[in-house]
Amino acid sequence: MRKFKFLFLLPLTFATNSFAQKTIQITTTRTVLVLETDQDNSLWSTYFGEKLKSPAEYKSIRPLDKYKPGSDDLLNKREAYIASGSLNLLEPGLSITHSDGNKSTVLTFTAVEEKHLDDNRKLTIVHLTDAKYKFNVDLYYLAYFKEDVIEQWTEIKHQEKGIVILNKYASANLTLSGRKFFLKNHYSGAVREMRSEEQQLLHGIKTIDSKLGTRTNLLHSSSFMVSIDQPATEEQGEVIAGSLAWAGNFRLDFETFDEYYLRITAGINNFSSNYTLKAGENFVTPRFVYTYSSSGKGLASRNLQDWARNYQLLDGKGDRSTILNNWETTYFDFDDEKLNQLTKDTKKLGVDVFLLDDGWFGNKYPRNGSSAGLGDWQYNKKKLKNGISSLGKEATANQVKFGIWLEPEMVNPKSELYENHPDWIIRQPDRKEFYMRNQLVLDLTNPKVQDFIFKTVDDIFKEVPELAFIKWDCNSLIYNAHSPTLKNQDHFYIEYTKGLTNVLERIRKKYPKTPMMLCAGGGSRVDYASLKYFTEFWPSDNTNAYDRIFIQWEYSYYFPSIAVDNHITDMGKQPVKFKTDVAMMGKLGYDVRVNELSKTDLLFSQKAVQTYNSFKDIVWHGQQYRLQDPYENKITSIAYVNETKNQAIVFNYHVATLFTNGVILPIKLKGLDAAKKYQIEEINLYPGTKSPIDSSQVYSGDFLMKVGFNPEVNANRTSVVLRVTSLSH
């Protein structure tokens, strides 16, 4: 370890133009990415995996497939960033048209910089150039030591006499070696988000992408896992987990070659997006975030979750508010009296925030349904005679907070905004308009539209100084993509995403702490670029608790539970206890008619909020362990363990589709201290029920992790929450 520390504390920056072969190491606690130059000064990726005990040995790594002059096999160059038009004939990361029309690019190493940002982060910048064209590519590698995470992105610039066209401009190439490769990816649809499939990658290219413009994860997720040699389990196997931090169209290419290699190419989707780059301008790609685990998918997940909480998710190490939302209680049918009663219900239930959902705005075209009013963000004077400011005051008077729903990126054709600013709307001239949920998308490439959206949010804060939460929705895709004001339509998709980012930057600069939920009809609008501005996201409009177990399970591979909004609703026939137990595996919320709850259900819910408040910090900030898979077992189980390993919360659910009782094997816990002694107590019991769990029994951590514990879950006792506490707590 001392040798490693010495190596890690080399001088902060250095550069070289020497043709001597050079080895570059991007290191974290457990892993290393090794880059090396060759005799032609090309930059190779020679190793990515577990860190060696002796860093000096990285210089001894030599790929078996290096191109040799005179060889007939020209396909196997493993360059760190692949440019097209010269030696490489596989899928490139970079493809450009130079100012003279030439399409070949040959990148050679010129220098490297290393910057120690703090005790946990080191930035490595590798400078490449095509000397013939004065064309430069800088590869950025930001390593997070404790989290075992690397962020990789690219900066492209040139000094050619004319413009350069970027035809493809990936954030990263990552080359893996192995005998077989297995891809775990996710596909979605409305109310059936994050369905998982795992497949062996055979010959050819597997591409996962989005061309939707916005809500880009609606069909496919930009997060994935690749297992090497065999499908990894939770605790065994080599696995890489990756995610592209970009809110716009994305593209992930997985290409096997030469029998033993897989190249992953991740970046913005270049579909309909040739980018014109002037001399002196910089093009910076989004960040590709990835981690390596030699101990299965569970560790890879925890790496990403730790990184997200510590560095990416807005207020990732902070607190969250529980919510009562009026949507499934009132839909569009409400007035001051109804909402004031719901504010009182919020206090009665014991949650923190009353959230006013869709339907509060529009006067010429009142928002009484999804077909009108969107874009006219003035409160409806018939529904809310005293305005939204009075609702904020009412919430404060009832000792709760007030939140509001917005969909500021969208417009209904039946709106004053549509009538007054037709040039603000994305649509093709002289073609039929196509609507999703009766709406169109505003042109965020236009600075005036960006100003309008910022002003919309800013005005609400001015009207409701008590505003404590925003639910930011997005219910349409981009059809007939065209900006009325953008000069180069090839830039449309990129400039749209940048426009959204600009708005969010301005909002967060003025209102840095107000929690905001990233939402979309059908859910699945989530990526790590967006979570820089949002405290949480809405996983799915499918709030059926049984289905949510699977949906939340899949999201957990990449995102921490503190970011996942889980609401209890009327959807599904499960009892309120089952629904509540499932919702507690994240950020708890309610979409229920409190006044219609039975006396016992209300009592249970009130106590459940108190119980949740007693352990939510462990769920939000603890280490997550998926104990038993819902796809393969009658009982599924997931645990959260605090940093000191003194407490754990274990959620257990009966997921068999048939009525089954009989022998259930003990569930082996994970993440405890083998030497500590623990007691297990069942919590969140429904009133009038008694637990069969003996809370006085003492177990060693060793016993619980090797032998396990039976939570007594069955077809009659469908959900059980356990608190595991060490005697030394």
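Residue numbers run from 1 in the order of the sequence given. What you are looking at is a predicted structure, and each value in this text was computed from that prediction instead of being measured.
Across every non-hydrogen atom of Asn566 and Arg548, the tightest pair is OD1-NH1, 3.0 Å. The shortest non-hydrogen separation linking Arg263 to Asn173 is CD-ND2, 4.0 Å.
With a 6.0 Å cutoff to the six-membered ring centre and a 45° limit on the axis angle, Lys471 counts as a cation-pi contact of Trp538. Stacking of Lys122 on the aromatic ring of Phe145 is not recorded, the 6.0 Å distance cut-off and the 45° axial limit not both being met. A cation-pi geometry, defined here as NZ or CZ lying under 6.0 Å from the six-membered ring centre and within 45° of its normal, holds between Arg506 and Phe454.
For the residue pair Ser99 / Glu160, a side-chain donor-acceptor distance below 3.5 Å is found, with atom types taken as modelled. Glu419 and Tyr365 share a donor-acceptor pair across their side chains, judged by distance under 3.5 Å alone. The closest side-chain donor-acceptor pair between Asn269 and Tyr493, if any, does not fall under 3.5 angstrom. Remark: the Thr291 side chain and the Asp148 side chain contain no N/O donor-acceptor pair separated by less than 3.5 Å. At a cut-off of 3.5 Å, with distance as the only test, a side-chain donor of Asn185 or Glu197 sits close to an acceptor on the other residue. Judged purely by distance below 3.5 Å, without hydrogens or angles, the side chains of His98 and Ser104 never pair a donor atom with an acceptor atom. Side-chain contact of Glu505 with Tyr533: a donor-acceptor pair under 3.5 Å is present, judged by distance alone. Residues Gln428 and Glu433 have side chains that never bring a donor and an acceptor to within less than 3.5 angstrom of each other. Counted by atom type alone, Asp358 and Trp327 present zero donor-acceptor pairs between their side chains at under 3.5 Å. Asn167 and Tyr275 form no side-chain donor-acceptor contact under 3.5 Å, judged by distance and modelled atom types alone.
Looking only at side-chain heavy atoms (C-beta outward), Ile425 and Leu442 come within less than 4.5 Å of each other. Counting heavy atoms from C-beta outward, Glu536 and Val564 have side chains that stay 4.5 Å or more apart. Side chains of Tyr81 and Leu94 form a contact here, defined as non-hydrogen atoms less than 4.5 Å apart. Between Val457 and Trp472 there is a side-chain heavy-atom pair separated by less than 4.5 Å. Using a 4.5 Å heavy-atom threshold, the side chains of Arg427 and Phe434 count as separate.
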Could you tabulate the donor-acceptor pairs under 3.5 Å formed by side-chain atoms of residues 311-319, not counting sequence neighbours?
{"residue": "Tyr311", "atom": "OH", "partner": "Asn120", "partner atom": "ND2", "Å": "2.8"}
{"residue": "Gln312", "atom": "NE2", "partner": "Tyr528", "partner atom": "O", "Å": "2.8"}

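Under a 3.5 Å cut-off, the side chain of Asn310 and the backbone N or O of Asp306 do form a donor-acceptor pair. A donor-acceptor pair under 3.5 Å links the side-chain atoms of Tyr555 to the main chain of Pro539, judged by distance alone. Using modelled atom types, no side-chain atom of Asn282 and backbone atom of Lys157 make a donor-acceptor pair closer than 3.5 Å. Under a 3.5 Å cut-off, the side chain of His127 and the backbone N or O of Leu139 do not form any donor-acceptor pair.
Checked against ring pair (Phe, Tyr, Trp, His ring centres under 6.0 Å), Tyr558 has the following partners two or more places apart in sequence or in another chain: His186.
With salt bridges taken as basic N to acidic carboxylate O contacts below 4.0 Å, one links Glu554 and Lys184. The pair Arg525-Glu409 meets the salt-bridge criterion, with a side-chain N (NZ, NE, NH1 or NH2) lying under 4.0 Å from an Asp/Glu carboxylate O. Ion pairing of Lys414 with Asp376 is absent here, as no side-chain N (NZ or NE/NH1/NH2) approaches a carboxylate O to less than 4.0 Å. Between Glu91 and Arg251 there is a salt bridge, with a side-chain nitrogen of the basic residue lying less than 4.0 Å from a carboxylate oxygen of the acidic one.
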- Task: Tell me, with the steps shown, if Trp153 and Phe288 meet ring-ring contact (aromatic ring centres under 6.0 Å, His included).
- Result: CA-CA 6 Å; Trp153 70 98; Phe288 175 48; over 10 Å; no
- Given Phe469 and Leu467, is the side-chain contact (heavy atoms from CB on, under 4.5 Å) satisfied, shown in steps? CA-CA 6 Å; Phe469 193 90; Leu467 189 66; over 6 Å; no
- Message: Before you tell me yes or no, could you show the steps for Tyr435 and Tyr479 under ring-ring contact (aromatic ring centres under 6.0 Å, His included), namely the whole-Å CA-CA distance, both residues' side-chain angles and the distance that decides it to 0.1 Å?
- Response: CA-CA 8 Å; Tyr435 308 132; Tyr479 295 106; 9.4 Å; no
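Between Phe361 and Trp377, the ring planes are tilted. Angles from 30° to 60° get that label. Ring geometry for Phe492 against Tyr496 counts as tilted: the plane angle lies between 30° and 60°, on a 0 to 90° scale.
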